[in-house]
K.L.:
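For reference, the structure I am asking about is given below.
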Amino acid sequence: MTANGSSRDYRDVVLAAPVTVPYVRYSIRSAHWFVAQALARLLTASGLRKAAVDGLSLGSFMLAPDTAIGVTQHLGVTVRWLDHLPLGGACGIVALRRALRAVQCGDAEVVACIGADTNSVDAFRQSLGSFSVFARDAVFPYGSGGPNASFAFLTDYYMRRYGATREDFGKICVAQRDNALGYPHAIFKKKLTLPDYLNARLIADPIRLFDCVMPCAGAEAFLVMTRQRAESLNLPFVTVRSTCERHNAFPDDPIQTRGGWVLDREHLYGAAGIDPADVDFVQTYDDYPVMSVIQLEDLGFCAKGEGPEFVRRHTFTTDGSFPINTSGGQLSVGQAGCAAGFLGLVESIRQLTECNLARPVANARFGIAVGYGMITYDRGLCSGAAVLSRAAT
Amino acid sequence: MIPPLPKPPRKNPILRTRLPLLPPSARSRAALGLTAAASRGRFELQVCNDCGAVQYPPRESCHRCLSGKLCWRAQEGSGELLATTTVRHSHDTFFQERVPWRLALVRLDVGPTVVAHLHAGCPPAPARVRLGARLDKAGQGVLVAFPMDEVPNMADDRQLREMTCDPKFRKVLVTDGKSAVGQAVVRGLAAAGADLIWVGHAEPWKETARFAELATLPQVALLPLELTDSQSVREIAAEIGGKVDILINTAEVHRTHGISSRSGVETARAEMDVNYFGLLRLAQEFAPAMRARAADGQSSAVAWVNLLSIYALSNFPPHGTFSASKAAALSLSQCLRAEMRSSAIRVINVFPGPIDDEWNQTLPAPKLSAEALAKAILSALQDGVEDVYPGDVAQEWLARWQESPKVLEKELSI
Ligand SMILES: [Zn+2]
């Protein structure tokens, strides 16, 4: 097994100022606009001046031909620490990990971590053919179904191998929609029933309409700073108990049924000093419901293959036995490109700081936010997670 | 399992003919190796010269040992069908016109997992399947998962038919029915289920018994077609150009001369006039009409076949002027292929070794029979191959040419 322990904890650094630039299905604005709006909201939420932000971490797909550096001039910010992370569903966790260390080591005092993307009418289609060399050469010429087709394979395989049913996945989607009805920024505002889910239009068998996220435009962001700084600003904050990040895990698996969490969960819980049973909610990376089930298994809430049974045993609303995606997840809030990699983190900070926009999970002390993504060919290459804790604990 | 292809209904003249679309055709340079192999009907993947690891998707360095020496090697293609899906909503206009579209995820026995088009004859997953490579409508190599064994109506699979040029239910023009090759091609087309076969014949006063016999086939219609005469080609194109689905240019003039064995240019000019200018006249008159019908339903215009010669690759001095005319035709056909690509019409070049006819009388065996050559042309259409080298001599010349064109030239000049 690969070494994965990090010797140093995150005791002295915290996360604060969770903000969202509300999502829209399509926008004529550039990704730069969403980045700027996110930064403006971070400043409003924290009471900091722009000059006080001396670190910037950007997760975005749609800045081209710019990268983060061009954005500094665009926004008129001067920073001494800069990161650009076009890592999709993993960019939030990766941004968090790097920013924590930067602040801890004194390379920056306040890092703005922003995930932002735009979505014009034809943008998603155009992005598919240029997503990666492997996708362009060996996936896109085959039916051009995009991620729907890729996850259809994984879902088809998982269902046959582990006996999952459409009803199992539907239960998760329906619960998340219920959570979304309490969250003002969700794109979907209508109740979803199990029959709605089961009878929806087929997209790529066995995937139907409500298994798929809605591409949209928007941004999510938070600040990383020292505990001392947050206290002096009078900001509510959460602490980070542990994190993990893994890329291209299990390359010899014929098809993806697990991610890098399997390699890292022991460290994740060990460093956090908690057990899976202590976790009050999980924000899975739910680009498709099968991935939520796989993440619950790989993070140790049940054994591999027992996901379907776990789903049948639990309820997933904010008041349920196992709350997941408490603001509705991407499946109900929408997928704003790289902002999706921040959605679970931002919602977790809100849940653990009494800054709720969604319905609160009662007495929540520990939450896990999961990152996953980058299907450059047949599987998501990135996986990561963070255990967050209420500051008082 | 696969219903036989129904005979297409008559075209409704009121409906607008659809414009041809192509599947996504952008590829990295490394990935074009798959296309190059598929154009000759082969399924090849990159194999590491240093550690033997098989690679897919194509790349430039070994994923196991980082060696930069990867070579394309023929693959047997068997593997495990892991999962399937049917795309019902595509982000690409070509596929959106053709959904539902079946796809497979297959773990090859040699290692890599591949995404492939799924032939309807494959059993549901999990199952054993065999991967093959085909050219798609964009002329790019793609992988197809086939059942391990032949199933009835294999070629009629709706998706596979988008990658092949099967003459079944199609209308074909064979430009010269006077030669033994032309006659064998016509008989092969009739047996393969072609709907209508126009057979061109130059010099109508020269009647032969075997040619007269062709006219008795119910699918055959004879046409006076003189490739050396622009007016004749134009008139025939005006008459049938808008209906031809497959054009097979079998016309050729073959005389056995080098430079010094005959004075004057008349013989060489006669060769060029048919072998090169004949192709040019046909291309100018027929290609536009065929391109306009490249998306005309189940039996749209699909292919253009040129009978070249293996001598097109490197000059065979005893047949020097003939070789030169075929080299010119090869070059022109590459231009035609590039121009036809945007309409998804496949240009198939056939490079036979010496054919067993009067002009190769003095050459030793093995020589290619007209029937064998016709069979190779039919298979090329049915498999959707782009370059065909029928017969042992052609295969050997090709291998020598691929290894070193210069060495082959020196060998031929002795
Ligand atoms: Zn190697």
Side-chain angles (χ1 to χ4, degrees), chain A residues 121-161 200-209 211-212 215 248 250-257 288 290 375-379, chain B residues 22-35 56-60 63-64 79-96 98-108 111-118 124-126 136-138 140-144 159:
Chain A
V121 172
D122 201 34
F124 186 70
R125 184 187 71 84
Q126 288 177 359
S127 70
L128 290 175
S130 55
F131 190 70
S132 70
V133 172
F134 284 179
R136 187 187 59 194
D137 286 347
V139 183
F140 198 51
Y142 297 82
S144 308
N148 295 331
S150 302
F151 281 97
F153 287 138
L154 306 191
T155 306
D156 176 55
Y157 184 83
Y158 185 93
M159 288 174 80
R160 197 167 42 253
R161 171 131 185 223
R201 180 159 63 89
L202 266 169
I203 302 293
D205 314 29
I207 287 193
R208 289 175 186 260
L209 186 63
D211 292 298
C212 308
N248 197 23
F250 307 118
D252 297 327
D253 283 4
I255 181 170
Q256 188 162 43
T257 57
Y288 293 83
V290 69
I375 294 218
T376 60
Y377 174 49
D378 64 334
R379 63 195 68 196
Chain B
L22 299 183
S25 61
R27 297 289 193 282
S28 63
R29 188 161 196 278
L32 290 177
L34 185 80
T35 296
Y56 190 84
R59 62 198 71 195
E60 292 182 46
H63 70 271
R64 191 197 283 161
E80 181 79 7
L81 180 63
L82 296 172
T84 64
T85 187
T86 303
V87 170
R88 292 163 196 277
H89 171 266
S90 176
H91 298 285
D92 176 83
T93 42
F94 173 87
F95 287 111
Q96 191 55 36
R98 288 160 175 81
V99 290
W101 193 269
R102 296 157 49 89
L103 298 178
L105 193 71
V106 178
R107 171 74 152 191
L108 288 169
T113 294
V114 305
V115 176
H117 300 295
L118 176 61
D136 68 8
K137 279 276 188 207
Q140 293 287 27
V142 290
L143 301 177
V144 182
Q159 294 181 194

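So you know, we letter chains A, B, ... as the sequences are listed, proteins then strands, and number each from 1.
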K.L.:
Looking at A/Tyr377, I'd like to know if the NZ or CZ of A/Arg379 sits under 6.0 Å from its six-membered ring centre while staying within 45 degrees of the ring's axis.
P.N.:
no
K.L.:
Checking heavy atoms, do the side chain of B/Leu143, its backbone, both or neither come under 4.5 Å from chain A?
P.N.:
both
K.L.:
Calculate, to the nearest 0.5 Å, the distance between atoms OH and CZ belonging to A/Tyr158 and A/Phe151 respectively.
P.N.:
14.5 Å
K.L.:
Highest number of heavy-atom pairs under 4.5 Å with chain A: which of B/Glu80, B/Gln96, B/His117, B/His89?
P.N.:
B/His117
K.L.:
Select one option (side chain, backbone, both, neither) describing which atoms of A/Asp253 are under 4.5 Å from chain B's heavy atoms.
P.N.:
backbone
K.L.:
Is B/Arg27 close to chain A through its backbone or its side chain, or both, or neither, when contacts mean heavy atoms under 4.5 Å?
P.N.:
both
K.L.:
Which region of B/Val106, side chain (C-beta onward) or backbone (N, CA, C, O), has a non-hydrogen atom less than 4.5 Å from a non-hydrogen atom of chain A, or is it both or neither?
P.N.:
neither
K.L.:
Keeping the roles fixed (side chain from A/Asp211, backbone from A/Arg208), state whether a donor-acceptor pair exists under 3.5 Å.
P.N.:
yes
K.L.:
B/Arg59, B/His63, B/Gln159: which one forms the most heavy-atom pairs within less than 4.5 Å of chain A?
P.N.:
B/Arg59
K.L.:
Any side-chain heavy atom of A/Phe153 sitting closer than 4.5 Å to one from B/Leu103?
P.N.:
yes
K.L.:
Heavy-atom distance under 4.5 Å to chain B: side chain of A/Arg160, backbone, both or neither?
P.N.:
side chain
K.L.:
If you count heavy-atom pairs under 4.5 Å with chain A, which of B/Ala30, B/Gly141, B/Ala104 comes out on top?
P.N.:
B/Ala104
K.L.:
Looking at B/Thr84, B/Asp92, B/Val87, which one has more heavy-atom pairs under 4.5 Å with chain A than the rest?
P.N.:
B/Thr84
K.L.:
Could you tell me which of B/Val115, B/Leu108, B/Leu32 has the largest number of non-hydrogen atom pairs under 4.5 Å with chain A?
P.N.:
B/Val115
K.L.:
Enter the distance from B/Leu105:CG to A/Leu154:CG here, rounded to the nearest 0.5 Å.
P.N.:
7.5 Å
K.L.:
Flag the pair B/Ser90 / A/Ser144 as yes when at least one side-chain heavy-atom distance between them is below 4.5 Å, and no otherwise.
P.N.:
yes
K.L.:
Which one of A/Ala138, A/Pro254, A/Gly146, A/Ser150 has the most heavy-atom pairs closer than 4.5 Å to chain B?
P.N.:
A/Pro254
K.L.:
Kindly determine whether A/Tyr157 and A/Thr257 satisfy side chain to side chain contact (heavy atoms under 4.5 Å, CB included), including the steps that lead there.
P.N.:
CA-CA 8 Å; A/Tyr157 184 83; A/Thr257 57; 3.6 Å; yes
K.L.:
With a 4.5 Å cut-off on side-chain heavy atoms, are B/Pro58 and B/Arg29 touching?
P.N.:
no
K.L.:
Please classify the contact between B/Ala138 and chain A as side chain, backbone, both or neither, with a heavy-atom cut-off of under 4.5 Å.
P.N.:
neither
K.L.:
Any idea which of A/Ile255, A/Asp252, A/Ile207, A/Leu202 has the most non-hydrogen atom pairs under 4.5 angstrom with chain B?
P.N.:
A/Leu202
K.L.:
State which residues pass salt bridge (Lys or Arg N to Asp or Glu O under 4.0 Å) with A/Asp205; sequence neighbours excluded, sorted by chain then number.
P.N.:
B/Arg88
K.L.:
Against chain A, work out which of B/Ser25, B/Pro112, B/Ala116 has the most heavy-atom pairs shorter than 4.5 Å and name it.
P.N.:
B/Ala116
K.L.:
Show your reasoning for whether side-chain hydrogen bond (donor to acceptor under 3.5 Å, both in side chains) applies to B/Gln140 and B/Thr35.
P.N.:
CA-CA 5 Å; B/Gln140 293 287 27; B/Thr35 296; 2.9 Å; yes
K.L.:
Heavy-atom cut-off 4.5 Å, strictly under: side chain, backbone, both or neither for A/Asp137 against chain B?
P.N.:
both
